[in-house]
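This report refers to the structure that appears directly beneath it.
We count ligands from 1, going down the list as the structure has it; atoms in each ligand are counted the same way. Everything numeric in this text was worked out from a predicted model, so none of it was measured.
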Amino acid sequence: MEIIIVSSEAVPYVQTGGLGDVVGAFANQLALKNHHVYLIIPFFRNIRQNRSKLKLKICVSALEVKMGDRTFSCRVWKTFPAPNLQVFFIEYNDFFDRNNLYVDGFEEYEDNGERFSFFCKAALDLSLKIKLNPDIIHVNDWQTALIPYYLKTWYWNEPSFKNTASVFTIHNMGYQGRINRSKSSFLGLNWMQMRSEEFEDQGKINLLKGGIFYADVITTVSPTYAKEILTEPGGCGLSNHLSRRTIDVTGILNGIDDQLWNPETDPYIPENFSRKNLFGKTVCKANLQKQFGFEVNPEIPIFGIVSRLAYQKGLQLLMECADDIMQWELQFILLGSGDPSYSEFFQNLAKRYPGKAGVYIGFQTELSHLIEAGSDFSIMPSLYEPCGLNQLYSMLYGTLPIVRATGGLNDTVEKFDEENLTGTGFVFDDISSNALRNTIGWALSTWYDKREAYKKIQLQAMNQDFSWKNPIREYESVYRKAIRRRKDWH
Ligand code: ADP
Ligand code: GLC
């Protein structure tokens, strides 16, 4: 198939979280299966800065994009990283050459509606300009949610889109792209679309909502999350709207890039390791302990966190019991960026417990790999988690996850069963700091008192298969379904 993927993030070009990991790896995997894949992302500042390293070349010097009564002229860059895969970057510096992707300090950029509606149209105009005939346009999250609408309205009569089906993957219902109504004509929305059946949401334009209405099929990133978003609170206010499309919603678990995240080959860690030989893991642990000024001692377990610092991640549960946990014989490391109220708390914690709690605020890929590799446990107390990737990386690196049973965490971590010695991690249900504290205590006592059991579940965790093999097959079948839906719509 000829497949266009449109996303605001893709590794190795730009990312703020898991969306980037998933889109980047997914595009590669589809290309490996001989589909013709065209990935389109914005030319954000860090991509501009790395354009020579990334070997980008200008492929269209003036692409005209009409938005409301204005016409924008943009440039398009391109690279060809693998057979069957071409990546395009939409350059419009007023919109994308900024410090951050979506937020200015703590607030969303006021012109996110203009920025991302422009990006959506530019992606479609690029497809026309370079004469693609896509079977599928696969869009991701609110940033690209206008594309299914544009395809069925403004572009309905374009011969090359006549049979193009749209697939909308929702990576997170918590971010919907709520835009001021006054932007409707720029976005190309008419009064029809401003009904509550389509884009209107409490007086605003809700891009995710419109995407749900217009996409031929909808997917999300784990089977449990697919169920959770059909009711509240999982639907973040849109469960009724989404329920109208229940038969078109599928949950497909994310895979991971086993080139980037593989303890046997990981280039970021000081010593590689495998299930058969865990020596490298002790080197990583010692390295991590040194880096954070902790006692270098393989007997003291490290509990690590790599996370966006956002409400969704349930860090407030940890904050409430942090002082209790710090009394125990363990070391704690957090790498994260985001909401300053969390970063302040954890930076303060590190000051109060030197040698025991270590915190790094910022986005640091290399350190994230070292934490996954060198820790003994990882903590993800998420309030909700569409899929979650860190628990997958943790398991493959022999770091046992401590998670709340929600969304993808529920689908991927099997609770340790002390009697039968089965499972791959420590799981709790309640949204309460007590439940989290008890579960960390359970993990800690397993470490100190039942080391053989710890080692057994560690190997079980490392044995899991989180490759893209099955997910890609499921997406291929979703693509076929989307094409059928598209025909019905004709
Ligand atoms: P989400 O997409 O909700 O942030 P995921 O678990 O799906 O959660 O993915 C998070 C991804 O972002 C992982 O690859 C993780 O390693 C990475 N990540 C998050 N915060 C940081 C950080 N501060 N530094 C480096 N990598 C980070
Ligand atoms: C979102 C979700 C996360 C998921 C990622 C990739 O950011 O919060 O759970 O793993 O997207 O799909």
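No more than 12 heavy atoms of other residues, nucleotides or ligands shown are found within 6.0 angstrom of CD on Glu110.
An N or O contact shorter than 3.5 Å links Gly362 to ligand 1 by distance. Between Asn172 and ligand 1, a contact under 3.5 Å exists for no N or O pair. At under 3.5 Å, a nitrogen or oxygen of Gln364, whether backbone or side chain, sits near a nitrogen or oxygen of ligand 1. Where the criterion is an N or O separation shorter than 3.5 Å, residue side chain and backbone included, Arg308 meets it with respect to ligand 1.
The protein atom (non-hydrogen) at minimum distance from atom 9 (O) of ligand 2 is Glu385 OE2, 2.5 Å. The protein atom (non-hydrogen) at minimum distance from atom 8 (O) of ligand 2 is Gln312 NE2, 3.0 Å. Looking from atom 2 (O) of ligand 1 to the surrounding protein, the closest heavy atom is Gly18 N, 2.6 Å. Summary of contacts: the protein heavy atom closest to atom 1 (C) of ligand 2 is His171 O, 3.2 Å. What sits closest to atom 5 (P) of ligand 1 on the protein, heavy atoms only, is Leu389 N, 3.6 Å.
The Gly388 neighbourhood of ligand 2 comprises atoms 3 (C), 4 (C), 9 (O), 10 (O), with distances under 4.0 Å to a heavy atom of that residue. Short contacts between ligand 2 and Val221, defined as distances under 4.0 Å to a heavy atom of the residue, involve ligand atoms 12 (O). Listed by number with element, the atoms of ligand 2 under 4.0 angstrom from any heavy atom of Val22 are 6 (C), 12 (O).
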Go through Asp258 and Ser467 one step at a time and tell me if the side chain to side chain donor-acceptor pair (under 3.5 Å) criterion holds. CA-CA 7 Å; Asp258 51 13; Ser467 72; 5.7 Å; no
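Stacking of Arg98 on the aromatic ring of Tyr109 is recorded, both the 6.0 Å distance cut-off and the 45° axial limit being met.
For the residue pair His36 and Gln86, no side-chain donor N or O sits within less than 3.5 Å of a side-chain acceptor on the partner.
Remark: distances from the non-hydrogen atoms of Gln312 to ligand 1 include one below 4.0 Å. For the pair Gly20 and ligand 1, no heavy-atom separation below 4.0 Å is found. Under a 4.0 Å heavy-atom criterion, Gln391 is not in contact with ligand 1. Residue contacts with ligand 1 do not include Cys387, since none of its heavy atoms lies under 4.0 Å from the ligand. For Tyr360, the closest heavy-atom approach to ligand 1 does not fall below 4.0 Å.
One option in Trp261, Tyr384, Phe363 has a heavy atom closer to atom 26 (N) of ligand 1 than any other, and that option is Phe363.
Contacts between Arg308 and ligand 2, counted as non-hydrogen atom pairs separated by less than 4.0 Å, involve the side chain only. Here Ser307 has backbone heavy atoms under 4.0 Å from ligand 1, and that is the only part of it that gets that close. Residue contacts with ligand 1 for Lys313 involve side-chain atoms from C-beta outward but no N, CA, C or O (heavy atoms, distance under 4.0 Å). Contact annotation: for Val306 versus ligand 1, heavy atoms closer than 4.0 Å belong to the side chain alone.
To the nearest 0.5 angstrom, Ile3 atom CD1 is 10.5 Å from Lys33 atom NZ.
Checked against Tyr92 for a ring-ring contact (aromatic ring centres under 6.0 Å, His included), the options Phe118, Phe44, Phe116 give a single hit: Phe118.
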